[in-house]
Amino acid sequence: MITKSNLYRKEKIYGYLFILPPILGLLIFTLFPFVYSLYGSFTDWDGLGQMNFIGLDNFKDLFSDELFYKSMYNTLFLMLGIPIGLVLALLLALGLNRKIPGTTTFRVIYYIPVISSLAAVSIMWNWAYNGDYGLVNQFLELFGIKGPNWLMDKDTVKPALILMTVWKGLGYTMLLYLAALQSVSRSYYEAAELDGASGFQMFRNITWPMVKPVTFFLVVTNIIGGSQIFTEMNIMTPTGGPEYSSASIVFYIWDKAFKNLQMGYASAMAMILGIFIFIVTLIQFKMNEKSSFDGD
Amino acid sequence: MSHSQKTKVTNIIIFIVLAIGAIAMIAPLLWMLSTSVKEKQDVFALPPVWIPEVFQFGKYKEIWEAGPLLSGIKNSVIVAVSVTVVGTFTSSVAAFAFAKLRFPHKNKLFLALIASMMIPYPTVMIPQFMMFSKLGWVDTLLPLIVPGLFGNVVMIFFLRQYLLSVPDAIIEAAKIDGSSYFRLYSSITFPLIKPAVAAQLILWFMGIWNDYLAPIIYLNSPETQTLQLVIANFNATYAIQTDYPLIMAASIIALLPVLIIFLIFQKQIIESVAISGVKG
């Protein structure tokens, strides 16, 4: 006969067995490398010879490294695309939330850039930004504007990358907003309408508060994603752009670690990136806690 | 103007705006497609030629000779299929254990997994690279495959949420009938969560198929490279010769598989993204 305690012991063993792979994966591929990277950031690690402990030297060097500041600044600058994308996506979602024909087709079309390979669309945009024959300048020519050579000019390379990232991510943001809008009960709007509220008042007092959690989620995940931007510049401006003006922080880490073999130095930068993302995520968790208490 | 008339007019305006937006979204991709079937002189024509007089499909033949495109596809398929199939299995089994089995420290372990999502790949990529280089795995597909076999935290999280809504009674009843724990998972739980698993699997597949950072770190020789690297190299090589039709044709080939999967499963994919995002 199977006793209750026997049954429980078996359940315990199987429980651990079933979660073993992801826990092992966490230890081997995340925790161990993370600790190693932390240690490496205090050494002169070059990936080949010995690792000598050099204290905070890497971090001190970073703060006088012009390219580090530049790639940090570039990464933050490119995040200007986040608010632009959010506003456009919310407007589109508001439009798609109405009873108009073709909404499914629109959803699919707007989402296609999201699922497209970033490498392939980077190549495509690289060509679209060509100063002489690119699609962007040909379009501007219709209005009599002579466009610049976008990726070759330090003043236009970042706006060009922003436009591209907005285009790539718009469908995703729009979709999340649409899902949030569809979960808002129609009765709120009906009640507001009876009270004679204007469209703008309804947006401000009903729609905006209801989509606020999604906005927050998108802001946080976009900052986390944006701080790791890499593929676009690696393909479109393989040397970091004019005067290194399009290199992101991950681009600089990659360049230092795998091209110059300054693993320790690159690890120090990776740590700073990690701390930045940790703080952003922590804020999200805190806000989530708060909102789940507020919500009900 | 009556109220309903006003709504109608507004809807027509919104439809037009959405349509213009949709054209702007799809235009660069259509241009890519059109460039791939153009003759060289049409590529640089001003004003642009959208529909070439003669469609030149020659580049779609040439790309297979011009670079290791076929092996790129093969490598991408090997990585994406092995990771998603094995990884989905390990993830769904773990999600089942986290949602339905009782064992000490379960929630703490789950929390540790979730917390690990805070550590971004660029922070661990350098030691991971050194680790795999010590094993002699650099320039093989193993560094791209092996970590994924251990499961995917996002998928575990999502499937666990999904499983929490499955009543415990079903599981308890089967347990009392003496069903083994693996059978509980395979014949009771798994069929219930199949749609969620499928949607997550497709999203993961797309993510791996389109990955660029990890492959560029590990893969050097042309014959081990994944499709994304192969087309990036096409770009680097043929841009100098301004052979844009060739580059675009190769890029279209890189887009196509995921695009087809998306168009087939777009309903499930869109729903899955919407649910995970809104709840996230």
Side-chain angles (χ1 to χ4, degrees), chain A residues 11-12 14-16 18-19 21-26 29-30 33-34 36-37 40 47 92 95-96 98 100 106-113 115-120 123-124 127-128 133 135 138 175-176 179-180 214 217 228 230-231 235 250 253 257-258 263 266-267 270 273-274 277-278 281, chain B residues 11 14-15 17-18 21-22 25-26 28-29 31-32 44 46-48 90 93-94 96-98 101-103 106 109 112-113 116 118-120 122-124 126-128 130 147 150-151 153 156 181 206 210 212-213 217 228 231-232 235 244 247 251 254-255 258 262 266 270 273-274 277-278 280:
Chain A
E11 182 163 344
K12 215 164 75 177
Y14 276 96
Y16 285 129
F18 287 174
I19 64 160
I23 296 290
L24 273 180
L26 164 72
F29 301 112
T30 307
F34 180 76
Y36 208 90
S37 192
L92 287 169
L96 274 181
R98 297 173 73 101
I100 51 169
F106 283 134
R107 275 202 320 186
V108 170
I109 290 178
Y110 281 97
Y111 204 70
I112 282 176
I115 53 110
S116 298
S117 137
L118 187 52
I123 292 169
M124 187 259 304
W127 168 222
Y133 308 104
L135 186 64
Q138 290 188 353
L175 192 64
L176 294 200
V214 177
F217 170 78
Q228 298 179 54
F230 171 77
T231 308
I235 290 177
V250 173
I253 295 173
F258 302 108
M263 301 278 184
S267 295
L273 175 69
I277 289 174
F278 178 75
T281 316
Chain B
N11 280 352
I14 288 173
F15 179 84
V17 172
L18 283 170
M25 292 303 281
I26 205 79
L29 293 167
W31 195 57
M32 191 175 180
F44 302 106
L46 290 172
T90 45
V93 171
F96 163 70
F98 278 125
L101 299 183
R102 283 161 304 176
F103 51 93
K106 184 172 82 172
L109 289 167
L113 274 185
S116 76
M118 271 194 234
I119 301 176
T123 353
V124 294
I126 299 169
Q128 264 195 26
M130 294 312 296
F150 290 79
V153 179
I156 295 172
Y181 285 97
M206 288 178 166
N210 291 335
Y212 185 75
L213 180 53
I217 290 172
Q228 307 303 327
I231 59 147
N235 181 45
Y244 285 101
I247 298 169
S251 302
L255 286 182
V258 183
F262 172 67
Q266 53 95 3
I270 283 181
V273 171
V278 172

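Below, chains carry the letters A, B, ... as their sequence lines are ordered, and counting in each starts from 1.
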Checklist entry - Of the non-hydrogen atoms in A/Gly95 and B/Ile14, which two are nearest, and what is the gap between them? => result CA-CG2, 3.6 Å
Next on the checklist: If I measure from the heavy atoms of chain B, does A/Ile115 come under 4.5 Å with its side chain, its backbone, both, or neither?
Outcome noted: both
Next on the checklist: What verdict does the side chain to side chain contact (heavy atoms under 4.5 Å, CB included) test give for A/Ile253 and B/Ile126, after you've listed the backbone C-alpha separation in whole Å, the side-chain angles of each residue and the deciding distance to 0.1 Å?
Outcome noted: CA-CA 9 Å; A/Ile253 295 173; B/Ile126 299 169; 4.1 Å; yes
Checklist entry - With only heavy atoms counted, which part of B/Gln228 is less than 4.5 Å from chain A, the side chain, the backbone, both or neither? => result both
Checklist entry - Side chain, backbone, both or neither: which part of B/Tyr181 has a non-hydrogen atom closer than 4.5 Å to chain A? => result both
Checklist outcome for this item: When the 4.5 angstrom heavy-atom criterion is applied to A/Leu273 and chain B, the contacting part is side chain
Next on the checklist: Report which part of A/Glu11 has an atom under 4.5 Å of a heavy atom belonging to chain B: side chain, backbone, both, or neither.
Outcome noted: both
Item to check | A/Val108 vs B/Phe262 side-chain heavy atoms within contact, under 4.5 Å | outcome: yes
Checklist outcome for this item: Of the listed B/Ile247, B/Leu113, B/Ile26, the one with the largest count of heavy-atom pairs under 4.5 Å with chain A is B/Leu113
Checklist outcome for this item: Closest non-hydrogen atoms of B/Thr123 and A/Ser37, given as atom of the first, atom of the second and distance, are O-OG, 3.1 Å
Checklist entry - With sequence neighbours left out, what residues match A/Tyr110 under ring-ring contact (aromatic ring centres under 6.0 Å, His included)? => result none
Next on the checklist: Going by the rule ring-ring contact (aromatic ring centres under 6.0 Å, His included), which residues pair with B/Tyr212 if we only count those two or more places apart in sequence or in a different chain?
Outcome noted: none
Checklist entry - What part of B/Met118 gets closer than 4.5 Å to chain A, counting heavy atoms only: side chain, backbone, both or neither? => result both
Checklist entry - What part of A/Phe29 lies closer than 4.5 angstrom to a heavy atom of chain B: side chain, backbone, both or neither? => result both
Item to check | Structural part of A/Phe34 lying under 4.5 Å from a heavy atom of chain B | outcome: both
Next on the checklist: Is the shortest side-chain heavy-atom distance between A/Ile100 and B/Leu18 below 4.5 Å?
Outcome noted: yes
